[in-house]
Amino acid sequence: MQFFIDTANIDEIREAASWGTVAGVTTNPSLVAKESRPHREIIEEISALIDGPISVETLSLDSLGMLKEAHEFATWSPNVVIKCPMTIEGLKATKQLSAEGIKTNVTLIFTANQALLAALAGATYVSPFVGRLDDIGQDGMALIQDIRTVFDQYYFETQILTASVRHPQHVLRAAQLGSDVATVPFKILKQLYSHPLTDSGIEKFLADWKKSGLSTDA
Ligand code: G3P
């Protein structure tokens, strides 16, 4: 499973990129709005930091508007993936963009049927929002399992991009279920690296070494 980082914050992306495990970036209008900077400038800066796919979301509600935005976004970086919402208009735009060879990410997926439709429209990625399903008392990870079953049944190449990740258990389950990608907020990505026993283990090793009087270059 690949990790993408779910943020539009350049400092977070720069830091996470230096860790060597981030393969791409996902943004959405809420994340970009938090940065209070021109959209294009943010995406161009991300593109200088990350070689992989960068999802950029359209704002129009009609397919023609989405296509217009998509063609503009595609000039910002060769890595741009166009995020369209899971609506009839979004799928119309996805189908057209896929015919043009432009990568797409169909977002706001809440059922396996929606994922199936997006795959049939030629989506490169589908983004099921697991945390938002948990928020309304449903089982977000069950959706990942359902989509994996459907996609495997028909050999769809569309990748499952687990989104709306809220804690490390979502990440582990996504990997166990065969999600192709998990897009993870910076804070949670950082949590994945840590364990208190790793920290105390390092402290103990160093303390024992110090006590022994051995040199560190031995
Ligand atoms: O990028 C979309 C997504 O990951 C949203 O997450 O936490 O706003 O539900 P959240």
Side-chain angles (χ1 to χ4, degrees), residues 1-13 16-17 21-37 39 42-43 45-47 49-50 52-61 66 69-70 73 76-77 79-87 90-91 93-94 103-112 114-115 118 123-145 147-148 158-175 177 179-192:
M1 184 176 77
Q2 287 189 312
F3 284 119
F4 289 179
I5 184 166
D6 197 24
T7 183
N9 183 280
I10 296 296
D11 292 335
E12 291 183 348
I13 294 167
T21 41
V22 173
V25 178
T26 50
T27 65
N28 64 36
S30 306
L31 293 171
V32 172
K34 268 207 256 174
E35 300 307 309
S36 309
R37 293 172 54 208
H39 199 181
I42 292 175
I43 303 303
E45 281 185 34
I46 296 175
S47 176
L49 294 170
I50 295 274
I54 305 163
S55 286
V56 184
E57 189 155 344
T58 54
L59 289 154
S60 297
L61 296 178
M66 287 178 207
E69 288 176 65
F73 296 163
W76 296 353
S77 159
N79 299 351
V80 161
V81 172
I82 306 299
K83 233 174 166 181
C84 294
M86 177 54 230
T87 58
L91 291 197
T94 299
K103 290 189 174 154
T104 53
N105 175 356
V106 177
T107 189
L108 292 162
I109 298 264
F110 293 99
T111 70
Q114 289 181 319
T124 315
Y125 300 97
V126 286
S127 288
F129 277 29
V130 295
R132 291 194 195 182
L133 278 175
D134 292 353
D135 289 346
I136 59 160
Q138 295 190 20
D139 182 354
M141 296 318 297
L143 174 59
I144 303 302
Q145 186 152 33
I147 299 173
R148 184 74 279 159
T158 300
Q159 295 190 48
I160 303 172
L161 196 168
T162 299
S164 186
V165 164
R166 300 282 167 75
H167 46 70
Q169 280 301 313
H170 275 152
V171 178
L172 174 62
R173 288 294 291 143
L177 293 168
S179 182
D180 300 285
V181 186
T183 189
V184 184
F186 179 76
K187 189 178 142 214
I188 298 164
L189 199 58
K190 205 168 174 187
Q191 282 178 339
L192 299 179

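Both ligands and their constituent atoms are indexed starting at 1 by order of listing. Note that the coordinates shown come from a computational prediction; the quantities given were computed from them, not determined experimentally. Below, all heavy atoms of this structure are taken into account, side chains as well, without hydrogens, waters or symmetry copies.
Sorted by chain and number, the residues within 4.0 Å of ligand 1 by heavy atom are D6, N28, K83, F129, R132, A163, S164, R166.
Residues passing the ring-ring contact (aromatic ring centres under 6.0 Å, His included) test with F3, sequence neighbours excluded: none. In terms of the side-chain hydrogen bond (donor to acceptor under 3.5 Å, both in side chains) criterion, residue partners of E45 (sequence neighbours excluded) are, by chain and number, R37. For N79, there are no side-chain hydrogen bond (donor to acceptor under 3.5 Å, both in side chains) partners, not counting sequence neighbours.
The minimum heavy-atom distance linking T27 with K83 is given by the pair O-NZ, 2.9 Å.
Here the options are T104, T26, N105, the test is side chain to side chain donor-acceptor pair (under 3.5 Å), and the partner is S55; only N105 passes.
Heavy atoms from other residues, nucleotides or ligands lying under 6.0 Å from CG of L172 number more than 12.
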